[in-house]
Amino acid sequence: MKADRFFHRQSLPAILIFSMLIFNSCTKETTLKEAYAGEFVVGAALNTRTFAGNDTASSELVQKHFNSITSTNDLKWERIHPKPGEYTFERADMFVNYGEEHNMHVVGHVLIWHSQTPSWVFLDENGDTASREVMLERMKDHIETVMTRYRGRIHTWDVVNEALADDGSLRENNWYKAIGDDWVEKAFEFAQGIDPEVSLIYNDYSLANPAKRDGAVRLIQSLQEKGLKVDGIGMQGHYHLDNPSLENLEASIVAFSDLGIEVHITELDVNVLPSPWNYIGANVEMTHELHEELNPYPDSLPAEVQDELAVRYAGFFRIFREHHEHIERVTFWGESDRSSWLNNWPVRGRTNYPLLFDRELQPKPAFDAVMKVAGE
Ligand code: GLA
């Protein structure tokens, strides 16, 4: 996948002619994937419309700038395995076909998670919490069926998503309650050996926070001590303009690299809107005034905030470059502001600006900043 491997396969005259052509036409890379070739692949998470052919403009943008794709929702348990014994692979197949057609690094997101998983998975026939044995059987069947179907075609699997609480302990989710504290280990155990070529990773958010970073290190070490193959960690990277600090982000990349595993930045975006948590108590309805206060840029992003976003992205990418030997991939959660989940979360109907391309799919100052860092 990495560019240096690609070029080793080309003949010398071809490389010379190619280099001259490139030199004559332009001296600067113009796409994200070219700018970071040889360092890491650059990915985008796609909604169904983009890979199903219903949004050709976004699809063209993806093909131009990205060489890895993740599906935002179409490989999650609720979509792919909605009822016991019933698998629905139509959209997932389209997604994988799209990645193959465009020669991309295809990411499977996600095998086991507590969210976007149907409730039947966690219940017995009486509606009580299912037993450990039943849950392990369901987990094994799901992992084996899905991984086997895409063997050799999906290159990285998020085996488990979000098993940790903010303090770094195991989150008490439905998997934990039914199976116990070896549930993550079991998921990795079931994923072993199905596809020897695939990277198996653990994915979570807030991994730049020291307590959660330490918890993730302990979790990965415990899998390694049991002799399980765990190839990498996914740092989701749903960031803000002022959080996390670059120091904490870098310290986590170093801590995970020291475990001998790959680091994947899996869901990068930067929320530029005010947080509602400071305004909304547990049960306060969103008034019109409050919505306006929380949605300060309905028409366009002021130049000073564009600049702040650009500086923020440049800071991230300087760190990614610095540690590129350990970073396999940097994936954005969406290809443009137009389709970002942050327009509707945690408040519906806001206008957010978290990515490198705007609503018209045009590059923003943050894009220029990221391209500039590649040339530094
Ligand atoms: C989490 C999940 C993703 C997605 C995003 C928000 O980070 O891992 O699958 O749901 O939230 O869209």
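Atoms within each ligand, like the ligands themselves, are counted from 1 in listed order.
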> Between Trp77 and Trp120, what is the ring plane arrangement, given parallel below 30°, perpendicular above 60°, and tilted in between?
Replying inline: perpendicular

>> Using salt bridge (Lys or Arg N to Asp or Glu O under 4.0 Å), reason through Glu308 and Arg312 one step at a time and then give a plain yes or no.
In response: CA-CA 6 Å; Glu308 219 182 317; Arg312 189 74 171 135; over 6 Å; no

> How would you list, by chain and number, every residue that makes a side-chain contact (heavy atoms from CB on, under 4.5 Å) with Asp124, sequence neighbours excluded?
Replying inline: Asn126, Asp128

> Who's the nearest protein heavy-atom neighbour of atom 1 (C) of ligand 1, and how far?
Replying inline: Glu267 OE1, 3.4 Å

> Between Trp175 and Phe122, what is the ring plane arrangement, given parallel below 30°, perpendicular above 60°, and tilted in between?
Replying inline: perpendicular

>> Can you tell me how the ring of Trp113 sits relative to the ring of His109, calling it parallel under 30°, perpendicular over 60° and tilted otherwise?
In response: tilted

> Of the backbone atoms (N, CA, C, O) and the side-chain heavy atoms from C-beta on, which set of Val110 has a member under 4.0 Å from an atom of ligand 1: side chain, backbone, both, or neither?
Replying inline: neither

> Of all the non-hydrogen atoms in the protein, which one sits nearest to atom 10 (O) of ligand 1, and at what distance?
Replying inline: Lys76 NZ, 3.1 Å

> Which ligand 1 atoms does Asn161 reach within 4.0 Å, using its non-hydrogen atoms?
Replying inline: 2 (C), 8 (O)

> Should the proximity of Tyr205 to ligand 1, defined as any heavy atom under 4.0 Å, be assigned to the side chain, the backbone, both, or neither?
Replying inline: neither

> Which part of Trp113 is near ligand 1, with near meaning a heavy atom under 4.0 Å away: side chain, backbone, both or neither?
Replying inline: side chain

> Which class fits the ring pair Phe320 and Phe40: parallel under 30°, tilted 30 to 60°, perpendicular over 60°?
Replying inline: perpendicular

> So which heavy atom in the protein is nearest atom 9 (O) of ligand 1, and how far is it from that ligand atom?
Replying inline: His109 NE2, 2.5 Å

> Is Trp333 in contact with ligand 1, taking contact as a heavy-atom separation below 4.0 Å?
Replying inline: yes

>> Taking 4.0 angstrom as the limit and counting only heavy atoms of Glu162, give me the atoms of ligand 1 inside it, by number and element.
In response: 1 (C), 7 (O), 8 (O)

>> Would you call the rings of His65 and Phe367 parallel, tilted or perpendicular, taking 30° and 60° as the class edges?
In response: perpendicular

